[in-house]
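Written out below as C-alpha cells is the structure these notes cover.
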Amino acid sequence: MTTPLPFAVAAETVGSAYPADGWVDVVALVLILIGAGLCLTAAIGLLRLKDVPSRLHAATKPQVLGLILICIAVALSLRSWPVVAFLLPVVLIQMATSPLSAHVIGRQAYRNGTVDEPGLIVDELGGSTQTPPGAGG
C-alpha cells in the first residue's frame, strides 16, 4: 500500500490560472540578472576608474538603469498594484537625485583641483574656480 507524499499536489491544482505566468517569471529573472550586472558594473567602475568624471559616470548611469530594471522585475514578479505604487517613487527619486548629486560632486572636485584639467575637452568652468559669494565657503 502506498501512501501519498506530504508534498504531493493534486493534479487539478497543477498549472496556473494565467498561462503566461511562467514567461513573466522568466522575464523578471532576466531583468533582475541584468540589473544586478549593471549595479556590479557601477561598483567595479567606482573602484577601477581613475578620475572623478569617469567615476561619476560609472556611479550614476549603470546604477540607475540597474535599479530601474530590478524594480520592474519586482513589480512583474509580485503582480500587485500596491507594489508598483511603492516602487514608482523609489525610481523617480533615484532618477532625480543621482544626476544632481553627481553634478554637485563633479563641480566640487573641479573647484578642489582633483579633476585632470588637461584631459578636459571643453572647460566651461575655467573662470569660476572661486566659491561664489554667499555659498558659505
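Heavy-atom basis, side chains included; hydrogens, waters and symmetry copies ignored. As the structure is a prediction and not an experimental result, all values here were calculated from the model.
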Using the salt bridge (Lys or Arg N to Asp or Glu O under 4.0 Å) rule, collect all pairs that involve residues 52-71, keeping only residues at least two apart or in two chains.
-> none
Got a sec, which pairs hit salt bridge (Lys or Arg N to Asp or Glu O under 4.0 Å) with one end in residues 81-90, sequence neighbours left out?
-> none
Under 3.5 Å, side-chain donor or acceptor atoms of residues 44-54 against the rest of the protein: list the pairs with distances, not counting sequence neighbours.
unit_1 : atom_1 : unit_2 : atom_2 : d
D51    : OD1    : S54    : OG     : 2.7

Rest of the hydrophobic cluster containing L33 (Ile/Leu/Val/Met/Phe/Trp/Tyr, side-chain heavy atoms under 4.5 Å)?
-> L29
Could I get the full list of side-chain contact (heavy atoms from CB on, under 4.5 Å) partners for S101, not counting sequence neighbours?
-> none
Kindly write out the residues that satisfy side-chain contact (heavy atoms from CB on, under 4.5 Å) with L78, not counting sequence neighbours, or none if the list is empty.
-> V74, V83
Return each pair, listed once, that meets salt bridge (Lys or Arg N to Asp or Glu O under 4.0 Å) where at least one residue sits in residues 76-95; pairs must be two or more places apart or across chains.
-> D21-R79, D25-R79
Report the residues that fulfil side-chain contact (heavy atoms from CB on, under 4.5 Å) with I34, sequence neighbours left out, ordered by chain and then residue number.
-> V30, L38, L69
Listed partners of I72 passing side-chain contact (heavy atoms from CB on, under 4.5 Å), at least two apart | L31, I68, L76
Return each pair, listed once, that meets side chain to side chain donor-acceptor pair (under 3.5 Å) where at least one residue sits in residues 28-43; pairs must be two or more places apart or across chains.
-> none
Side-chain donor-acceptor distances from residues 88-99 under 3.5 Å, at least two apart:
unit_1 : atom_1 : unit_2 : atom_2 : d
Q94    : NE2    : Q63    : OE1    : 2.9
T97    : OG1    : I93    : O      : 2.8

Salt bridge (Lys or Arg N to Asp or Glu O under 4.0 Å) contacts touching residues 31-40 (sequence neighbours left out) | none
